[in-house]
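A quick write-up on the structure given underneath.
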Amino acid sequence: MTAALHATTIATPRQVERLIQGVATREGAGVNLTRLLTRDLQRRLDPFLMLDAFASDAAEDYIAGFPDHPHRGFETITYMLEGRMRHRDSAGHEGLLEAGGVQWMTAGRGVIHSELPEQQEGRMEGFQLWLNLPGRDKMRDPWYRDIPAAEIPLVESPGVQVRVIAGERHGVAGAMQRDVTQPLYLDVQLAPGADFEQALPDTHNAFLYVYRGGVRFDSGCLVGSGRMAILANTPGSDGLRFTAAEEGARLILVAGQPLNEPIAQYGPFVMNTEGELLQAVRDFQAGTFA
Ligand code: MN
């Protein structure tokens with residue numbers, strides 16, 4: 001009977017390899033957030049370099065924002081669930097990030113930008129994910145796109161609503177694609193007890209973060225609210241499957257093809273070698289950075 005209740009297209013689903021609690025972190029001019037993808041996980045979760053979650057009703061947690069600071073060598077992807085944040089950068093891009101919207105910024109050879117709250121009170125909640133660039137693209141021109149909520153495809157099935165920020169679900173292309181790392185970035189909303197499946201190549205590194213409710217895997221592993229789960233790269237697996245808890249669930253699911261290149265990081269610069277990092281610092285200090 002169980003098989004009939006769980007009709008599936010995924011034959012060999014991945015299970016949870018490890019649960020991550022995250023680390024309370026203060027960033028920017030004094031923003032309180034939770035760092036979920038920390039530096040010790042960069043190799044395991046290649047091509048992703050960082051994931052921060054921010055969620056607060058208290059202005060003092062976010063109001064200082066992120067005044068002018070540099071980036072080189074990767075992309076920052078900011079997804080707002082609630083609140084408003086204004087972006088300005090040295091390449092001349094400016095945008096207002098609003099609830100349900102995504103900002104996708106390619107730092108490339110360098111930008112100096114600010115990310116500042118455009119609200120004095122109320123809730124601010126969302127995520128910033130760092131996606132690495134392949135070595136050949138690290139010094140490309142900066143690039144920027146604001147993606148308002150209405151431009152993010154929604155894929156619905158009974159009990160399951162999925163916003164496809166990047167990659168593809170059930171043949172629907174997401175708002176963004178990247179050829180080398182093939183990132184998948186889904187925001188998933190599940191009704192109580194709803195089953196969720198997603199096809200995924202076994203070579204992709206994958207993780208999810210539950211921000212409301214919880215989900216349970218076939219193995220019995222429960223991923224509760226505020227937990228990130230790293231998914232095993234089981235050889236021959238064709239995707240993943242889990243079921244929402246009684247209270248339903250909201251989560252982000254992120255996956256990508258690893259670059260398998262050396263990772264050299266100094267703060268907001270992520271290159272392949274120490275020499276390239278030194279050059280980034282020199283360029284920034286010399287004012288020729290951006
Ligand atoms: Mn930034």
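These numbers come from the heavy atoms of this one structure, side chains and all, not from hydrogens, waters or symmetry mates. Every number for a ligand or one of its atoms is a count from 1 in the order of the listing.
- A donor-acceptor pair under 3.5 Å is formed between the side chain of Ser90 and the backbone N or O of Ile112.
- Taking the Mn ion (ligand 1) as reference, Glu115 places its N/O/S atom OE1 nearest.
- No donor-acceptor distance shorter than 3.5 angstrom exists from the side chain of Asp195 to the backbone of Thr243, with no hydrogens or angles considered.
- When distances from the Mn ion (ligand 1) to the N, O or S atoms of His71 are compared, NE2 comes out shortest.
- Residues in residues 211-232 take part in these salt bridge (Lys or Arg N to Asp or Glu O under 4.0 Å) pairs, two or more places apart or across chains: Glu125-Arg212, Asp218-Arg241.
- Using a 4.0 Å cut-off between a side-chain N of Lys or Arg and a carboxylate O of Asp or Glu, Glu276 and Lys138 do not qualify as a salt bridge.
- Note on His69: its N/O/S atom closest to the Mn ion (ligand 1) is NE2.
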